[in-house]
Protein chains: 2
Amino acid sequence: MNYSRQRELILKTVKENKIHPTAQDIYELVKEKSPNISLGTVYRDLNFLAEAGIIRKIDIGDKQIHFDGDISEHCHFVCLDCGKIHDIERKDYCHDENKNLIAKGFIPLRKDVIIYGQCPVCNKKEREN
Amino acid sequence: MNYSRQRELILKTVKENKIHPTAQDIYELVKEKSPNISLGTVYRDLNFLAEAGIIRKIDIGDKQIHFDGDISEHCHFVCLDCGKIHDIERKDYCHDENKNLIAKGFIPLRKDVIIYGQCPVCNKKEREN
DNA sequence: TCACAAAATAGTAATCATTACTAATTATTT
DNA sequence: AAATAATTAGTAATGATTACTATTTTGTGA
Ligand SMILES: [Mn+2]
Ligand SMILES: [Mn+2]
Ligand SMILES: [Zn+2]
Ligand SMILES: [Zn+2]
């Protein structure tokens, strides 16, 4: 790793944190070890790391972007009461009717599935070039 | 319906629009028929209608909230090239490995599944009261 | 029909997460 | 070591969204 001390620290902090922290969260944690780090650096490095695919951005619609050091395939359960973001395994949300989820005590009320990729039109366009 | 003329118009505009418009989009469309409507009113009424469950908010992580007049169960495919938001039926994303999606020419690259509800801890707490 | 209360609106100001900018610092290459 | 590139701290700007306020519209009941 030829990352700067700050970037290294930000990455370590995200990887170790299990609560899906926001940029502000990371900023406050990192400040303990690097007191004069800039919030701008935290945002820049988090975006850099997400762009590189080393961490993951998650948008739960609460105005702040959350970050996840776990880039394995999984989805998230947001509790509308306490706000906690729980990790959910593929087998627990892919089965019909959320049976597994309910068996574990979760009460799913709303599910937002957003798939990103290339639509048929853009894919055709690309293949023509 | 005992909605105001503005609210009625906003609702109609969202229902008729198939491209998942933003508040700004709605504002510009509605202004054609009601030239001195306020952007604040558009935001207020869109939130009111979403809260009432008559329309749906969708957050695709592009900073702006999109609205959907179709509240039936379906999910969204966001093209990373053209940005278009496509409607996807349940059967097309629930099957393993996105077979149906690929058969239709979509290239799924990333899937964000966010489930909202009540976590086991909060559910237990509620049942105890 | 009129008075009064409640709801909704237009217009604007404030908020706040995020991004952009700049000058200074640090790392890398020649 | 000098030149070049990358990164940073600190701060300013951005922009979608929300909050506020005075005014207008709607509803209701005497
Ligand atoms: Mn996670
Ligand atoms: Mn839709
Ligand atoms: Zn909870
Ligand atoms: Zn496309």
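Throughout, protein chains are lettered first and strands after them, A, B, ... in sequence-line order, and every chain is numbered starting at 1.
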Nearest-Å distance, [atom1] ([X]) to [atom2] ([N])?
X	N	atom1	atom2	value
B:R5	C:dA10	CZ	P	8 Å
A:D59	C:dA17	CG	P	14 Å
B:Y3	D:dG27	OH	C1'	17 Å
A:K63	D:dG15	NZ	P	18 Å
A:L9	D:dT8	CG	P	11 Å
B:D62	D:dT17	CG	P	9 Å
A:F67	C:dT18	CZ	C1'	10 Å

Lys/Arg-Asp/Glu bridge criterion (N-O < 4.0 Å) met for B:D59, B:K57: no
Presence of salt bridge, B:K124 and B:E128, under 4.0 angstrom: yes
Face-on cation placement of A:R56 at A:F67 ring, 6.0 Å and 45° thresholds: no
Nucleic acid contacts - residues 24-57 of chain A versus DNA chain D, non-hydrogen atoms under 4.0 Å: A:N36, A:I37, A:S38, A:T41, A:R44, A:D45
Any residue meeting side-chain hydrogen bond (donor to acceptor under 3.5 Å, both in side chains) with A:K63, in chain and number order, not counting sequence neighbours: none
Worked check of side-chain contact (heavy atoms from CB on, under 4.5 Å) between B:I10 and B:L49: CA-CA 9 Å; B:I10 287 166; B:L49 294 165; 4.2 Å; yes
OP1 or OP2 of [N] sitting under 4.0 Å from any side-chain N/O of [X]?
X	N	result
A:S4	D:dT8	yes
A:R7	D:dT8	yes
A:Q6	D:dA9	yes

Validation row, ring centre A:H76 to ring centre A:H20 under 6.0 Å: yes
Check: A:Y116 side chain, B:I60 main-chain N or O, donor-acceptor pair, under 3.5 Å: yes
Distance-only polar pair, side chains of A:Q64 and A:Q24, donor-acceptor under 3.5 Å: no
Pairwise side-chain contact, B:K84 with B:F77, heavy-atom cut-off 4.5 Å (strictly under): no
Quick test: give all pairs of protein nitrogen or oxygen and nucleotides 23-27 of chain C nitrogen or oxygen below 3.5 Å, distance rounded to 0.1 Å.
none

